[in-house]
Amino acid sequence: RRSSDLEKDLKLLSTLEEKQRILQNDIDHLIIINFSKEFAQLSSEDFIKDILVEKIGTKKLVIGYNHRFGKNREGDFEHLKANAAVYGFEIEEIPRQVIDNIAISSTKIRKALLAGDVKTARHYLDRPYSITGKVVRGDHLGRKLGFPTANIQLDEVTKLIPADGVYAVRVETHKKLNHDGMMNIGHKPTVSGVNKTLEVNIFDFNNDIYGEQITISFIERIREERKFSDVDKLKEQLVKDKAEALKRMEHSA
């Protein structure tokens with residue numbers, strides 16, 4: 001397949017900005033190298049000598065399990081280990097991480113999210129899966145139903161979105177305050193919706209946040225999205241959804 005096709009299909013678990021935010025409290029310096037065509041052609045020897053030794057001044061290298069680097073993926077842990085004295089730094093490999101005897105991988109996390117199983121994804125990630133986006137104006141249907149929602153426009157179009165459905169979530173606003181809420185992902189079939197929307201109802205919250213960036217962390221899926229006979233039946237279900245969301249979040253605390 002062409003690289004452009006692969007890029008279209010790629011769904012990120014974490015954007016660059018999210019990775020930076022996750023790492024900011026645990027490291028002193030973060031170096032980001034642009035993966036250009038020239039960089040991709042570096043041999044493993046040149047990468048070690050030119051980047052790790054000369055530019056960064058590496059004293060100890062911690063390498064992930066089964067990680068390979070350099071042109072044609074020629075470099076690996078054994079290659080580094082065999083030449084440790086030449087490179088002049090210590091080497092450590094992170095062992096394959098296993099939870100409940102299941103090897104963790106990004107593929108398994110993606111599968112869980114695409115099935116709506118955010119609880120399993122959270123277990124694998126050791127943190128809730130989250131998305132960040134800007135609050136934009138919607139059709140105000142939620143307000144008419146007594147459940148005003150913030151419509152989210154994602155910052156990164158390649159960010160993976162969990163399966164359609166209703167979720168118990170926690171919402172972080174620009175003031176770094178966390179609020180309980182529930183989120184609907186889907187096409188709103190009860191009101192003949194066409195486009196897929198991401199809408200979050202923030203509990204006990206009336207502030208105007210249009211245009212602001214918020215982060216939604218998924219706690220647990222409550223139910224699948226489904227079509228109701230009328231909006232009154234939908235409203236009745238939303239009352240039940242809120243109660244269920246509060247219960248799920250209380251148990252997850």
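Every heavy atom of this structure was used, including side-chain atoms; hydrogens, water molecules and symmetry mates were not.
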Review point. How are the rings of Phe69 and Phe47 set relative to one another: parallel (under 30°), tilted (30 to 60°) or perpendicular (over 60°)?
Key: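 Rings of Phe69 and Phe47: tilted, as their planes differ by 30° to 60°.
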
Exercise for review: Look at the rings of Phe89 and Tyr87 and say which category their plane angle falls in: under 30° parallel, 30 to 60° tilted, over 60° perpendicular.
Suggested key: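 Phe89 and Tyr87: parallel rings.
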
**Study point:** Partner of Leu198 by side-chain contact (heavy atoms from CB on, under 4.5 Å), out of Ile216, Ile185, Asn151
**Key:**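 That would be Ile185; it is the only one of Ile216, Ile185, Asn151 passing the side-chain contact (heavy atoms from CB on, under 4.5 Å) with Leu198.
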
Point to revise | Test applied, side-chain contact (heavy atoms from CB on, under 4.5 Å); reference residue, Val200; option that passes from Ile152, Ile131, Asn184 | key: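 Only match with Val200 under side-chain contact (heavy atoms from CB on, under 4.5 Å): Ile152.
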
**Study point:** Straight-line distance of Lys235 NZ to Lys240 NZ, nearest 0.5 Å
**Key:**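 Separation between the atoms: 14.5 Å.
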
Check your understanding: Measuring from Arg68:CZ to Glu78:CD, what's the distance to the nearest 0.5 Å?
Key ->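 Going from CZ on Arg68 over to CD on Glu78, the span is 10.0 Å.
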
Practice item. Begin from the C-alpha positions of Glu18 and Lys159 and carry the test salt bridge (Lys or Arg N to Asp or Glu O under 4.0 Å) through to its verdict. Key: CA-CA 11 Å; Glu18 288 171 335; Lys159 174 74 174 179; 2.8 Å; yes

Review point. For Phe203, is the NZ or CZ atom of Lys242 found under 6.0 angstrom from the centre of its six-membered ring and inside 45 degrees of the ring axis?
Key: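 Yes, a cation-pi geometry.
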
Review point. Honestly, is Arg122 close enough over Phe218, meaning NZ or CZ under 6.0 Å from the six-membered ring centre and within 45° of the axis?
Key: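 Checked: cation-pi criterion not met.
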
I'd like to know if [Y] and [X] are part of one continuous hydrophobic network [Ile/Leu/Val/Met/Phe/Trp/Tyr, side-chain heavy atoms within less than 4.5 Å].
X	Y	answer
Leu246	Val239	yes
Leu30	Ile51	no
Ile48	Ile31	yes
Ile94	Ile91	no
Tyr124	Ile22	no

Around atom [atom1] of [X], are there more than 12 heavy atoms from other residues, nucleotides or ligands closer than 6.0 Å?
X	atom1	result
Lys19	NZ	no
Asp230	CG	yes
Lys49	NZ	yes
Glu224	CD	no

Review point. Charged N to carboxylate O under 4.0 angstrom, Arg221 versus Asp117?
Key: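 A salt bridge is absent here (no side-chain N lies under 4.0 Å from a carboxylate O).
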
Point to revise | Derivation and outcome, side-chain hydrogen bond (donor to acceptor under 3.5 Å, both in side chains), residues Thr132 and Thr215 | key: CA-CA 4 Å; Thr132 298; Thr215 296; 2.8 Å; yes

Review point. Quick one: do the Glu45 and Ser43 side chains pair a donor with an acceptor below 3.5 Å?
Key: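 Note: Glu45 and Ser43 side chains miss the donor-acceptor criterion.
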
Practice item. Sort and list the pairs that fulfil side chain to side chain donor-acceptor pair (under 3.5 Å) and have at least one residue in residues 22-32, not counting sequence neighbours. Key: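 Pairs touching residues 22-32 that pass the test: none.
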
